[in-house]
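Note that ligands are numbered from 1 as they come in the structure, with each ligand's atoms numbered from 1 the same way.
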Amino acid sequence: MLKSCFIYTLGLFSFVFLIVGLSLALSNVFPEVVQSEAKREMVLKNGTVAFDAWEKPPAPIYMQFYFFNLTNPLEVLDGDRPAVVEIGPYTYREYRPMEEVSFDDNGTKVAAVNTKTYIFQLNMSRGPESDLIRTVNIPAMTVMGLFKDEPFFANLISSYMRDKQEGLFTTRTVGELLWGYQDTLLQALHVFKPDVDPFFGLFSKNNASNDGQYVFFTGQQNYTDFARVDTWNGQSSLNWWTTDECNMINGTNGAAFHPVITKNEKLYMFSSDLCRSLYAVYEEDVTVKGIPAYRFSPPSEVFANETVNPINAGFCVPSGNCLGSGVLNVSTCKQGAPVIMSSPHFYQGDERFARSVFGMRPNKKDHQTVMDIHPLTGTILQAAKRLQVNIYVEKIPTFSQTGNVNTIIFPIVYLNESVVIDDSSVDELAAVVFKQNVVTNIPFMMIGVAILLGGVFMLLVCRQKIPESTAAERQPLLAS
Ligand SMILES: *[C@@H]1O[C@H](CO)[C@@H](O)[C@H](O)[C@H]1NC(C)=O
Ligand SMILES: *[C@@H]1O[C@H](CO)[C@@H](O)[C@H](O)[C@H]1NC(C)=O
Ligand SMILES: *[C@@H]1O[C@H](CO)[C@@H](O)[C@H](O)[C@H]1NC(C)=O
Ligand SMILES: *[C@@H]1O[C@H](CO)[C@@H](O)[C@H](O)[C@H]1NC(C)=O
Ligand SMILES: *[C@@H]1O[C@H](CO)[C@@H](O)[C@H](O)[C@H]1NC(C)=O
Ligand SMILES: *[C@@H]1O[C@H](CO)[C@@H](O)[C@H](O)[C@H]1NC(C)=O
Ligand SMILES: *[C@@H]1O[C@H](CO)[C@@H](O)[C@H](O)[C@H]1NC(C)=O
Ligand SMILES: *[C@@H]1O[C@H](CO)[C@@H](O)[C@H](O)[C@H]1NC(C)=O
């Protein structure tokens, strides 16, 4: 009696588990719970893990520079193709905490400045910052370009340059080229025009400074807004990631998260006062420190010329003056210096740029910009932003210093700003993923238990039936 009661209870449980498990699985309630839990965590609020990571990125960020050392300056002045040797990396650890953090009254927005500091890492570099690099004399090229149509001043400047032995090319240390030096020519101009900065360096204004105030959404109202930039220096920003083209050369920026990612998403990486934004699309599945990720990178049409991608016609400045695929004139952001941005080695650019400089070897692996994102949480597991700074070099008849040089987009240096998730964040992420897996699989576990109980139930029922029937068959035998 007790035994069959137990058996039928077992059967009932199996049935109930099956029904509940199936309906939970079909109603999708657990994945939704997990998602809303994840969304609730995605908010910038004093005390949350997300806030700590946003305020003080835990993974080390490295900025690496690769210079192009010119080997044949005299031949180039005679109209030959420049031959360059890539020299690098020169590696800096980049610290970029959010500072002067202040929340608005209801916690929907947070204002902060992003102060960046670069510390040289000799053990991760090819040599010291005192290594010499021969390259274009950028202040000279800029000044010559500015005065090319004013023969009187051009003559004056040209003879001053001859006097000071300043030419189209110069040899400077890595430290000077990046972080600045007193330039003879600029110093002389400074005497006449005090607003000319006598100090020149590609990143001279960037160390231990910030580029103004950002206002971010906290994600409190809508999790998809998490850490999205609302305004930068009071200007509204339409895109996800913070940087603009001017910023691209000054250094970079970028939020650390983007909630739940799909393969169809377009990730906007840079916004800009030039009305230019770059985006990245899904490229392939990759694994970073054992964690699966989607790799996003900018498609080549982002850099295509105006015939292939008509949208890019708007970026030919001055209008109608298109340079070709894969290069962008940012001289307005650089006080008139003829700076042209591209991918390293003109990767994804018009072939003629790479062909016009001996030593360019564009390849996808080393030269593309990538972002590897964990699809479930939107965490950036790995990112590398790669950009090249070039100078537009041309023959200026009023300046004998330019000789017979060909018109060239001359590569100066490229940078790789990269980050890989740190090990303790890997552990945290793994724990979160494990918890999510357990929770989303609860209905299936219930179905599994139901099947198991059902199996035991059938077994017990059969075992109970068989002895009874054999006994019944024997009875008549015994009676006869
Ligand atoms: C966050 O809270 C800590 C201590 O509770 C406080 O010292 C800190 O100033 C707060 N930060 C912000 C940005 O409000
Ligand atoms: C939050 O405060 C801002 C002004 O500080 C206001 O414009 C906004 O409407 C408020 N939002 C909510 C949800 O109360
Ligand atoms: C940047 O500034 C910090 C602190 O002011 C200094 O320690 C560091 O050496 C500077 N880095 C460079 C590359 O000048
Ligand atoms: C770059 O080239 C110059 C001129 O040939 C040379 O003096 C210098 O040592 C080279 N730099 C490096 C780092 O090899
Ligand atoms: C970039 O740096 C230049 C000076 O080198 C500055 O004039 C410009 O405003 C900076 N741009 C941004 C976006 O910070
Ligand atoms: C634009 O790019 C395409 C493909 O690279 C090329 O065939 C075409 O000649 C380019 N057009 C111009 C105007 O440069
Ligand atoms: C780059 O843009 C500046 C400012 O719009 C313009 O003066 C210059 O001619 C352009 N350079 C090239 C090579 O088109
Ligand atoms: C940065 O990119 C360069 C090539 O562009 C590569 O050699 C280097 O290893 C990269 N650095 C990191 C830290 O990934």
Side-chain angles (χ1 to χ4, degrees), residues 43-52 54-56 62-65 90-105 107 109-113 115-122 124-125 128-130 136 141-142 144-149 173-181 199 201-210 215-216 218 245-246 249 251 273-276 305-306 312-324 326-342 350 353 356 390-396 406-410 415:
V43 56
L44 294 175
K45 201 167 81 181
N46 202 352
T48 64
V49 176
F51 174 76
D52 290 345
W54 171 85
E55 191 183 33
K56 211 166 171 294
Y62 292 104
M63 180 74 116
Q64 297 179 299
F65 297 96
Y90 295 93
T91 304
Y92 294 81
R93 172 91 189 259
E94 182 181 327
Y95 296 88
R96 47 194 296 175
M98 292 292 177
E99 289 178 347
E100 300 168 29
V101 176
S102 74
F103 289 92
D104 75 351
D105 294 337
K109 291 179 188 175
V110 56
V113 300
T115 304
K116 293 176 189 160
T117 305
Y118 299 90
I119 306 291
F120 187 62
Q121 310 286 309
L122 183 59
M124 290 175 71
S125 301
E129 283 174 297
S130 56
V136 175
M141 193 64 227
T142 307
M144 291 190 292
L146 289 176
F147 288 95
K148 67 176 170 188
D149 296 327
T173 69
V174 166
E176 285 175 327
L177 287 171
L178 292 177
W179 311 110
Y181 57 93
F199 204 69
L202 290 165
F203 297 86
S204 61
K205 304 273 184 319
N206 290 68
N207 190 32
S209 71
N210 66 68
V215 175
F216 300 88
T218 59
E245 241 86 40
C246 298
I249 170 159
D273 53 355
L274 302 175
C275 313
R276 171 94 216 214
N305 66 21
E306 68 290 353
N312 281 348
F315 310 125
C316 303
V317 280
S319 90
N321 183 16
C322 301
L323 293 174
V327 295
L328 189 71
N329 182 350
V330 294
S331 93
T332 43
C333 314
K334 290 270 115 189
Q335 291 118 16
V339 176
I340 310 282
M341 303 300 293
S342 69
D350 194 319
F353 299 128
S356 65
N390 310 278
I391 294 293
Y392 189 81
V393 171
E394 60 179 341
K395 174 175 175 162
I396 298 176
N406 286 330
T407 299
I408 289 167
I409 295 189
F410 195 105
L415 59 87

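When only non-hydrogen protein atoms are considered, atom 4 (C) of ligand 7 lies nearest to S331 OG, 3.6 Å. The nearest heavy-atom contact from the protein to atom 13 (C) of ligand 1 is V101 CG1, 3.8 Å. In terms of protein heavy-atom proximity, atom 6 (C) of ligand 7 is closest to P318 CD, 3.7 Å. In this structure, atom 3 (C) of ligand 1 lies nearest to the protein heavy atom N46 ND2, 3.6 Å. Ranking protein heavy atoms by distance to atom 14 (O) of ligand 7, first place goes to N321 ND2, 2.7 Å. Among protein heavy atoms, the minimum distance from atom 12 (C) of ligand 7 is reached at N329 ND2, 3.4 Å. For atom 7 (O) of ligand 3, the closest heavy atom belonging to the protein is I119 CD1, 3.8 Å. When only non-hydrogen protein atoms are considered, atom 5 (O) of ligand 3 lies nearest to A208 CB, 4.1 Å.
There is no protein heavy atom closer than 4.0 angstrom to atom 9 (O) of ligand 1. For atom 1 (C) of ligand 1, the protein comes within 4.0 Å by at least one heavy atom.
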Go through F65 and L202 one step at a time and tell me if the side chain to side chain contact (heavy atoms under 4.5 Å, CB included) criterion holds.
-> CA-CA 11 Å; F65 297 96; L202 290 165; over 6 Å; no
Does the pair S204 and F199 meet the rule for a side chain to side chain contact (heavy atoms under 4.5 Å, CB included), with working shown?
-> CA-CA 8 Å; S204 61; F199 204 69; 4.2 Å; yes
Going through the checks in order, is the side chain to side chain contact (heavy atoms under 4.5 Å, CB included) test met by T115 and Y95?
-> CA-CA 8 Å; T115 304; Y95 296 88; over 6 Å; no
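One finds the CD atom of E129 at 3.5 Å from the OH atom of Y92 (value rounded to the nearest 0.5 Å). Note: M63 CE to L415 CG = 5.0 Å, rounded to the nearest 0.5 Å. Between atom CE of residue M141 and atom CD of residue E394 there is a gap of 5.5 Å, rounded to the nearest 0.5 Å.
Each of T117, L178, I119 was compared with N207 under the side chain to side chain contact (heavy atoms under 4.5 Å, CB included) criterion, and only T117 meets it. A side chain to side chain contact (heavy atoms under 4.5 Å, CB included) with F410 is found for one member of N390, V393, I340 and no other, namely V393.
A tilted orientation is assigned to the rings of F103 and F51, their planes being inclined by 30° to 60°.
In terms of N/O distances under 3.5 Å, ligand 3 is approached by N207. Considering backbone and side-chain N/O of E55, none are found under 3.5 Å from N/O of ligand 1.
Heavy atoms of F120 stay at 4.0 angstrom or farther from ligand 3.
In summary, the aromatic rings of W179 and F120 are positioned with their centroids too far apart to meet the 6.0 Å limit. Residues F203 and Y118 place their aromatic rings such that the two centres sit no closer than 6.0 Å.
When heavy-atom distances to ligand 3 are checked against a 4.0 Å cut-off, Y92 comes that close only through its side chain, counted from C-beta outward. If you look at L178 next to ligand 3, there are no close heavy atoms at all, none under 4.0 Å.
Within ligand 7, the atoms closer than 4.0 Å to a non-hydrogen atom of Y392 are 13 (C), numbered from 1 in the order shown. Close approach of ligand 7 to L323 (heavy-atom distance below 4.0 Å) involves ligand atoms 13 (C), 14 (O).
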